[in-house]
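All remarks here apply to the structure that follows.
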Amino acid sequence: MSAETTNPSAAPAPAPTDFIRDIVAQHLAEKRYQKIVTRFPPEPNGYLHIGHAKSICLNFGIARENNGQCNLRFDDTNPVKEDVEYVESIIADVKWLIDGWADHVLGFKAKGAKPAAHTIDGKPDFYLAPVPSAQIASHVSGHLAEPFSASDYFEQLYLYALELIKRGKAYVCDLTPKETEEYRGSPEKPGKDSPFRNRSVEENLDLFKRMRAGEFPDGARTLRAKIDMASPNIWLRDPLLYRIRHVAHHHAGAGWPIYPLYDYAHCLSDYLEGITHSICTLEFEVHRALYDWILEALELPRPLPHQYEFAKLNLAYTLVSKRKLLTLVNEKVVTAWDDPRMPTISGLRRRGIPAAALREFVTSVGVTRFDSLTEAAVFENVVRNHLNTVALRRLAVLKPIKVVLTNLPADEVILCDATNNPQDETPTTRKISLTREIFIESDDFAEVPPPKYFRLKPGGEVRLKYACIIKLDEIVKDAAGKVTELRCTADLTTRKGEANSDKKVKGTIHWVSAVKCIDAEVRLYDRLFTVAEPAAEEDFLKVVNPSSLEIVTAKLETSLATATTHERFQFERLGYFALDAKDTKPGQPIFNRTISLKDNWAK
RNA sequence: UGCCUGGUGGUGUAAUGGUAGCACAGGCGACUUUGACUCGCCUAGUCAUGGUUCGAAUCCAUGCCGGGCAGCCA
């Protein structure tokens with residue numbers, strides 16, 4: 001069974017409900033919109049992380065539950081920070097996360113398409129239709145479709161800006177950045193009008209057209225909305241709509257010396273795509289008035305989109321700030337954006353987290369307006385639950401110590417039946433080899449055992465999982481006093497199907513034949529930070545966990561030699577593991593520990 | 001100190017004027033050829049004070065505490 005498929009025996013999760021879904025349901029009941037259209041609008045200036053996963057699941061989930069659509073749109077209005085590397089990673093991450101779950105509501109547009117001009121009741125309008133849902137899959141896979149991009153709307157956005165100027169609702173301002181800041185005032189102090197605020201429509205039109213023609217240097221002028229410099233909401237104090245930047249754009253090319261700012265581009269992009277519910281995080285709450293102002297100022301003919309805000313995800317011991325994640329990459333704290341210790345979607349994927357588990361986690365934390373901090377245990381619990389149903393059980397020894405079963409001939413190979421997954425309704429088995437020399441986990445032996453130690457100790461007995469009970473007779477040490485070998489007697493009558501198979505011992509341990517085994521690099525991960533809220537730290541680099549990665553050469557049962565990246569494994573009594581899709585080379589498997597098993601004894 | 005916004009067990013979240021419930025965490029026990037899984041039991045909460053009401057987590061008032069906003073970032 002692949003970890004990518006959902007367990008058919010699992011009960012379908014109840015449809016989530018939250019205040020945004022309640023609003024959507026009410027709008028549907030009122031027949032306010034024909035179809036619910038949401039959007040996921042990342043800026044391609046970094047990799048997607050677990051916080052984005054929450055937004056993806058919310059937006060795609062709402063589309064999915066209402067037979068709607070969710071557009072993937074790049075909010076690419078700032079070319080100096082953006083890059084195609086990010087565009088590609090974002091598309092891959094979104095596809096992976098929604099695969100088999102919401103691909104049918106993924107909104108893409110026809111390749112190269114731009115908003116089309118048309119008329120509604122005599123009023124001019126622009127609209128960009130998505131690829132029809134029935135054709136999405138074939139068009140996406142055939143590269144006939146692509147994500148939406150705000151930069152595809154630069155022409156329409158420019159036309160709307162001209163319209164705003166004609167309506168006396170926008171003006172060209174010559175204030176320097178510093179002056180603009182001074183004139184804006186502060187939260188407690190009203191701002192004051194720009195001296196350029198009352199330029200004539202003609203002058204504004206002329207100046208703005210020349211800005212677009214590239215006549216002025218970077219930063220020389222801006223286009224501003226004419227609202228209210230004394231507004232208690234800072235974002236209504238004549239916010240900037242356009243700035244001059246003589247740089248090429250990674251998607252739109254080299255034709256634009258002016259670029260729209262977020263507030264101006266976002267609401268109109270939503271409108272152009274026919275978005276009904278524009279869902280974002282709480283920090284945009286104060287921008288909502290501006291979002292509405294721009295759309296209303298233009299008196300657009302179609303129903304307007306509305307913005308709704310929710311609290312972003314905060315997960316203990318992790319960071320979700322693209323800037324800080326970039327720092328971790330640049331400072332080489334991690335190897336890359338997709339390092340398995342990173343909370344990026346690509347990092348989590350590489351670590352072995354199933355998409356369904358990630359989805360369930362970000363959905364289970366709920367959608368509210370309360371700024372919360374979710375415990376790491378919640379995430380870990382969801383991951384373990386998924387992996388438990390899906391993972392193939394295998395025997396592997398991470399830190400081996402040699403055991404000699406003195407009563408077995410050197411050339412004897414005893415085949416034992418091992419269960420592949422006890423959680424299956426009808427579990428299958430495979431054969432593993434028991435030989436005279438085996439490896440056990442060094443943690444499973446103690447010369448001086450602590451109280452209640454169930455594992456191997458001098459004179460004690462343990463069961464070798466799927467095999468027989470062994471008794472420790474002798475501890476062999478080297479000159480330095482280090483234990484090099486444990487000499488034991490195997491009681492073969494305790495094997496399954498033999499006379500004493502029912503004999504109980506307290507401990508059962510995992511093991512691997514010293515002959516029939518393979519070596520493999522195994523990467524053991526721990527949390528990246530030592531504190532629950534690294535983001536609250538003055539310098540988050542100072543709370544990086546120095547032992548977030550431990551690399552060992554492990555002994556694995558031979559069946560693992562043919563492992564594939566789609567399989568998920570439970571190395572019994574150790575944890576869940578997956579092949580590293582990036583560094584594994586033919587004949588040289590590298591396994592990542594996705595997560596350890598719960599260990600109640602360690603407490 | 002201006003505006004916006006929020007406060008339910010340790011954590012997250014439900015209850016939309018009518019029995020404060022669920023999950024995770026924690027504790028105890030059962031089961032176990034994974035000290036896993038599973039199962040059973042337990043612990044623990046409406047920020048405060050008033051008001052409205054037969055009845056308030058929910059409505060109102062005041063207070064307290066938290067988050068957000070002053071990029072030509074998104």
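Residue numbering restarts at 1 for every chain, and letters A, B, ... go by the order of the sequence lines.
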Residue [X], side-chain atoms from C-beta onward, closest of [options]:
X: A:R455; options: B:U13, B:G35, B:C4; value: B:G35
X: A:E375; options: B:A74, B:G35, B:G10; value: B:G10
X: A:A377; options: B:G35, B:C24, B:A36; value: B:C24
X: A:I234; options: B:C69, B:U11, B:G35; value: B:C69
X: A:D599; options: B:U34, B:G35, B:C73; value: B:G35
X: A:T508; options: B:U34, B:U38, B:C3; value: B:U34
X: A:F370; options: B:A36, B:G12, B:G35; value: B:G12

Go through the N and O atoms of the side chain of [X] and the base of [N], and report whether any donor-acceptor pair is under 3.5 Å.
X: A:E309; N: B:U5; result: no
X: A:E283; N: B:G67; result: no
X: A:R463; N: B:U33; result: yes

With a non-hydrogen cut-off below 4.0 angstrom, is [X] in contact with a base, only sugar-phosphate, or nothing?
X: A:R393; answer: base
X: A:D22; answer: base
X: A:P190; answer: nothing
X: A:A467; answer: base
X: A:R288; answer: nothing

For [N], give its Watson-Crick or G-U wobble partner with both distances under 3.5 Å, or none.
N: B:U11; value: B:A23
N: B:G50; value: B:C60
N: B:G2; value: B:C69
N: B:U38; value: B:A30

Under the 6.0 Å and 45° cation-pi test, does [X] pair with [Y]?
X: A:R212; Y: A:Y158; value: yes
X: A:R221; Y: A:F216; value: yes
X: A:R527; Y: A:Y317; value: yes

Exercise for the section: Specify the residue among A:V367 and A:V378 whose closest nucleotide of RNA chain B lies further upstream toward the 5′ end. Expected result: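 Mapping each residue to its closest nucleotide by heavy atoms, the 5'-most match is A:V367.
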Practice task
Between A:R573 and A:N381, name the one whose nearest nucleotide on RNA chain B is closer to the 5' end.
Solution key: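 Its nucleotide being nearer the 5' end, the pick is A:N381.
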Handout entry: Carboxylate-amine/guanidinium contact A:D443 A:R455, below 4.0 Å
Key =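 No.
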Practice task
To the nearest 0.5 Å, tell me how far A:H510 NE2 sits from A:L398 CG.
Solution key: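 So the gap between those two atoms works out to 7.0 Å.
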